[in-house]
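Here, residue 1 is the first one in the sequence, and each next residue gets the next number.
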Amino acid sequence: QVQLVESGGGLVQAGGSLRLSCAASGRTFSRGAMAWFRQAPGKEREYVAGINWSAAITYYTDSVKGRFTISRDNTKNTVYLQMNSLKPEDTAVYYCAARESRQYRVQDPRYDYWGQGTQVTVSS
């Protein structure tokens, strides 16, 4: 089992920045890809960004390319999401996710473990 705990959410004005963190514990953290998803009220969960085990390969959904950066530090068992130039449409609950297998490509949205989520609210 892997336990994931997100932090860093909050309220920010449009154009501002936030950095989300996800601390992992339990089974080997560095085994598989890590990711950030988000879900806004009334909408389906969206795969925002992913990073492979070695941090050599990343994935971003089109709407965040050039604004968000995913990174990971396997020595600290932590994955990050730096969010810049935030927009009101980025408002959502952001979830950290992890998987054990290295079988899937980073853009594959299938993950095994999930955090409890952290709220990000961007005001206009």
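In this structure, Y94 contributes its side chain and V48 its backbone to no donor-acceptor pair below 3.5 Å. Of the possible donor and acceptor atoms, none in the side chain of T69 sits under 3.5 Å from a partner among the backbone N and O of Q82. Remark: the backbone N or O of N52 is paired with a side-chain donor or acceptor of R72 at under 3.5 angstrom. In this structure a side-chain-to-backbone donor-acceptor pair under 3.5 Å is missing from E6 to T118. For the pair N74 (side chain) and W53 (backbone), a donor-acceptor distance under 3.5 Å is present.
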Set out, in order, the CA-CA distance, both residues' side-chain angles and the distance that settles side chain to side chain donor-acceptor pair (under 3.5 Å) for E100 and Y113, then state yes or no.
CA-CA 9 Å; E100 296 185 4; Y113 304 104; 2.5 Å; yes
Checking R38 against Y95 for the side-chain contact (heavy atoms from CB on, under 4.5 Å) test, could you report, in this order, the C-alpha distance in whole Å, the side-chain angles of both residues, the deciding distance, and whether it holds?
CA-CA 6 Å; R38 67 186 179 187; Y95 297 91; over 6 Å; no
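Checked by atom type, the side-chain pair Q107/Y47 shows no donor-acceptor distance below 3.5 Å. Counted by atom type alone, D73 and T78 present zero donor-acceptor pairs between their side chains at under 3.5 Å. If you check the side chains of T121 and Q119, you find a donor sitting under 3.5 Å from an acceptor. No side-chain donor-acceptor contact under 3.5 Å links E46 and Q39.
Y59 and V64 fall into different hydrophobic clusters, where Ile, Leu, Val, Met, Phe, Trp and Tyr residues are linked whenever their side-chain heavy atoms come under 4.5 Å apart, directly or through other members.
Put simply, OH on Y80 and CH2 on W36 are 10.5 Å apart, with the number rounded to the nearest 0.5 Å. Once rounded to the nearest 0.5 Å, the distance linking CG of L81 with OG of S71 reads 8.5 Å.
The side-chain heavy atoms of F68 and T61, taken from C-beta on, include no pair separated by under 4.5 Å. With contacts defined as side-chain heavy-atom distances shorter than 4.5 Å, the pair M83/V120 qualifies. Within the 4.5 Å cutoff, side-chain heavy atoms of V79 are placed close to those of C96.
Closest approach of S124 and P88 over heavy atoms only: CB-CG, 3.8 Å. In plain terms, the two heavy atoms of L4 and Q116 that are nearest each other are O-OE1, 3.6 Å. Across every non-hydrogen atom of D90 and V122, the tightest pair is CB-CG2, 4.3 Å. Taking each heavy atom of Y60 and A49 in turn, the nearest pair found is CD2-CB, 3.7 Å. Pairing each heavy atom of A24 with each of V2, the nearest pair is CB-CG1, 4.3 Å.
A cation-pi contact, defined as under 6.0 Å to the ring centre and within 45° of the axis, links R45 to F37.
Between R105 and D108 no salt bridge is recorded (no basic side-chain N to carboxylate O distance below 4.0 Å).
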